[in-house]
Every structure is written in C-alpha cells, then in structure tokens.
Amino acid sequence: MTETHRPSGRALDEMRVIELEPDFSPYAEGSCLAKFGNTHVLCTATVEDNVPPFLRNSGQGWVTAEYGMLPRSTHSRMDRKRTAASGRTQEISRLIGRSLRAITVMDGFGERQVRVDCDVIQADGGTRTAAITGSYVALHLAFEHLKKLGVIEDIPLKSHVAAISCGIFEGEAVLDLDYPEDSNAGADANFVLTDKNGIVEIQGTAEEDPFSEEEFLKLLSLAKKGVKELVDAQKAAIEKSLSA
C-alpha cells in the first residue's frame, strides 16, 4: 500500500496545532477560545441562579449548551439563525450538553444553571470536537469563579472531558480531520472521552464501504492519544488562568 499523504502534510497520528486560550471573554464567568488549526470556537460559560422547572427544590444544578456558527465562519455566508435552530445545530448543542453533564457533579453547585455558548468563528472541520474541548475549560473556570466567591468549596467535576475526530482517509486511519479530509473520508467518527479513558459518546459513520472492527479499534486508539494531548492542553489553560 502506498503511503498516505494527508493534504496538510501531517503524520497519520498528528493533530493540528491546538490552542486553548482561557479568559478570552472578560464578561463571562468562564471562557475559552478553542483553536484546532483553522477551526476556531469561542466557548463562554454563564452562571445563573435558577434551574429548569423540573429541578426546582431538588438541590441539583444543571449544565446546558448552545452551539451556533457565525455567518462567515465558512467559505460561503450562512443566514443568521433568527428562528428555530437547524437539526444539526440542535444535535451538536445537545451533544455538548451531554458531554459536560457526564463529568459534572450535579448536586455540587446548588440550584444553579450553567449555560455554555459555543460560537464557531471559523470552521475547517471538527467544530463540535473543538466546542466540547473548549467548553470544558470554560465550565471549569466558571466553577473556579464560584469557588473564589465562596459559593462552593470544591470544583464539582469528576474528570476532564474532550473530543476529537478520527477517520479513514485514503485507506488509513488518521487523527483530527480537517475539512479536506472530512469531506473525502471513507469513514469518520467523533470520540468524546474522559481523561480516564471513559467513553461519553462515539459518533461513527461509513461514507463509502462499511469499516471493520479492526479499523474502528485503530480509530479508538488514535482518539485516546488525541484526547490525552487535549487534556494536557486543558490543564495548561486552566493553570494559566489561575496563575494570572
């Protein structure tokens, strides 16, 4: 088999340049600008002193998320969403919310709601994975804000959570697909994992022929490697914020 040449020139297991810039928004309780190469997503966390009706008087809090793409985040302009969000937008919003709730101690911050907004500034593949990875930093910093105010004693998070895409491109398993790879992949998958290798969610699809269990395991192995690097970046971003 001939060697695969990724359009970016990266090795099969090499991610794009990852940057997680904490405290990007000065007004939000927690924020992070997540850059996966040319994909840039601004994640902000807002703390509200209320919860949805189904959680009132329960002693539990709630974490939810909203995702959206700015009109010129892609090569052609998209209409600004002024009515109901599209199915894709709703699906990604719910994915981000589920991913954050999976690692949050829901009775650890009182009857409060944290709303995480993920706005795609620039898209080049992997917007949902960048959103999840950056959202964790924003959520963590929002809880650090509550701790600094004396509202909570401990950070109510059980682990880190991050996400990465993997796929089959020109017959090879590759890590962190950009748009040219994603749009031509034989199969692609998004992995949401914790720093303890816990699986939160896997979304995998064959675009051409079905892929094998062996290929899936290769993708999972790549995803674990990628998430480890992302968690290290999350820790560095949080430390940068706390030491500022």
**Q.** Non-hydrogen atoms of G97 and A65 that approach each other most closely
**A.** N-CB, 3.8 Å
**Q.** Rounded distance (nearest 0.5 Å) linking atom CD of E170 with atom CG of N184
**A.** 8.5 Å
(Q) Determine whether a donor-acceptor pair (N or O, by modelled atom type, separation under 3.5 Å) exists between the side chain of T129 and the backbone of G126. (A) yes
(Q) I'd like to know if the side chain of T127 and the backbone of A123 have a donor-acceptor N/O pair within less than 3.5 Å. (A) no
Q) Are any of the side-chain heavy atoms of L141 and H145 separated by less than 4.5 Å? A) no
Q | Expected output: side-chain T133 to main-chain A130 donor-acceptor under 3.5 Å | A | no
Q: Search all heavy atoms of V192 against all heavy atoms of A163 and return the closest pair with its distance.
A: CG2-CB, 4.0 Å
Q) Charged N to carboxylate O under 4.0 angstrom, K240 versus E21? A) no
Q. Is it true that R56 and E111 have a side-chain N and a carboxylate O under 4.0 angstrom from each other?
A. no
Q) Can you tell me if S31 uses its side chain to pair, donor with acceptor, with the backbone of C43 under 3.5 Å? A) no
Q: Identify the heavy atoms of G61 and L55 that sit nearest to each other, and give their distance.
A: O-CD1, 3.5 Å
(Q) Is there a path of hydrophobic side-chain contacts, each under 4.5 Å between heavy atoms of I/L/V/M/F/W/Y residues, joining V17 to V231? (A) no
Q: Would you please name every residue forming a side chain to side chain donor-acceptor pair (under 3.5 Å) with R112, sequence neighbours left out?
A: D49
(Q) Students often mix this up, so state it plainly: with edges at 30° and 60°, are the rings of H160 and Y136 parallel, tilted or perpendicular? (A) tilted
Q) Counting only N and O atoms by type, is there a donor-acceptor contact under 3.5 Å from the side chain of Q203 to the main-chain atoms of N190? A) no
Q: Indicate if V116 and I152 have the same hydrophobic cluster label, given that clusters are the connected sets of ILVMFWY residues with side-chain heavy-atom separations under 4.5 angstrom.
A: yes
Q. Quick one: OG1 on T39 to CZ on R128, what's the gap to the nearest 0.5 Å?
A. 12.0 Å
Q. Can you tell if the side chain of E66 reaches within under 4.5 Å of the side chain of C118, non-hydrogen atoms only?
A. no
Q: Would you please test W62 and F54 for ring pair (Phe, Tyr, Trp, His ring centres under 6.0 Å) and show each step?
A: CA-CA 10 Å; W62 189 245; F54 70 92; 5.3 Å; yes
Q. Donor-acceptor pair, D176 side chain versus R16 backbone, under 3.5 Å?
A. yes
Q) When you look at L95 and I132, which way does the side chain to side chain contact (heavy atoms under 4.5 Å, CB included) test go after all the steps? A) CA-CA 8 Å; L95 170 65; I132 291 169; 3.9 Å; yes
Q: Any chance you could measure S99, atom OG, to L139, atom CG, to the nearest 0.5 Å?
A: 11.5 Å
Q | Reported CG-to-CG distance for the pair L42 and L70, which is rounded to 0.5 angstrom | A | 9.0 Å
Q.
Would you compute the distance between atom CD1 of I96 and atom CZ of R101 and round it to the nearest 0.5 angstrom?
A. 11.0 Å
(Q) Membership question, hydrophobic clusters at under 4.5 Å side-chain separation (ILVMFWY): are L33 and I92 in the same one? (A) no
Q | Close side-chain approach of E144 to K147, heavy-atom, < 4.5 Å | A | yes
Q.
Treating T64 as the side-chain partner and R115 as the backbone partner, does any N or O pair qualify as donor plus acceptor under 3.5 Å?
A. no
Q. How would you list, by chain and number, every residue that makes a side chain to side chain donor-acceptor pair (under 3.5 Å) with K225, sequence neighbours excluded?
A. E229
Q. Do side-chain atoms of E14 reach the backbone of A11 as a donor and acceptor pair under 3.5 angstrom?
A. yes
**Q.** Short N-O contact, D178 and R10, less than 4.0 angstrom
**A.** yes
(Q) Using side-chain hydrogen bond (donor to acceptor under 3.5 Å, both in side chains), reason through D23 and S241 one step at a time and then give a plain yes or no. (A) CA-CA 7 Å; D23 305 320; S241 174; 2.7 Å; yes
Q: Using the rule that two of Ile, Leu, Val, Met, Phe, Trp, Tyr join whenever any of their side-chain heavy atoms come within less than 4.5 Å, decide whether V114 and F24 are in one cluster.
A: no
Q: Of all the heavy-atom pairs spanning I168 and A173, show the shortest one and how long it is.
A: CD1-CA, 4.1 Å
(Q) Could you tell me if the side chain of E207 sits less than 4.5 Å from the side chain of D188, heavy atoms only? (A) yes
Q.
Main chain of K196, side chain of T194: is a donor-acceptor contact present, judged purely on distance under 3.5 Å?
A. yes
Q) Would I199 end up clustered with V227 when hydrophobic side chains under 4.5 Å apart are linked, directly or stepwise? A) yes
Q: Determine whether K35 and I18 make a side-chain contact, defined as any pair of heavy atoms from C-beta on separated by less than 4.5 Å.
A: no
(Q) Using the rule given for side chain to side chain contact (heavy atoms under 4.5 Å, CB included), can you reason through I121 versus V41, listing the C-alpha separation, both sets of side-chain angles and the distance that settles it, and then say yes or no? (A) CA-CA 6 Å; I121 299 172; V41 184; over 6 Å; no
Q.
Please give me the minimum heavy-atom distance between E29 and V47, naming the atom from each residue.
A. OE1-N, 3.2 Å
Q.
Do I164 and F36 have side chains that approach each other closer than 4.5 Å (heavy atoms only, starting at C-beta)?
A. yes
Q | Heavy-atom neighbours of F216 CZ exceed 12 at 6.0 Å | A | yes
Q | Point-to-point distance, once rounded to the nearest 0.5 Å, from CG of L175 to NZ of K218 | A | 14.5 Å
(Q) For a 4.5 angstrom cut-off between non-hydrogen side-chain atoms, does L12 reach F169? (A) no
Q | Nearest heavy atoms of Q122 and N38, plus distance in Å | A | NE2-O, 2.9 Å
Q. Under 3.5 Å, side chain of S165 to main-chain N/O of L177, donor-acceptor pair present?
A. yes
Q: In plain terms, say whether E201 and R98 are close enough for a salt bridge, that is, a side-chain N and a carboxylate O under 4.0 Å apart.
A: yes
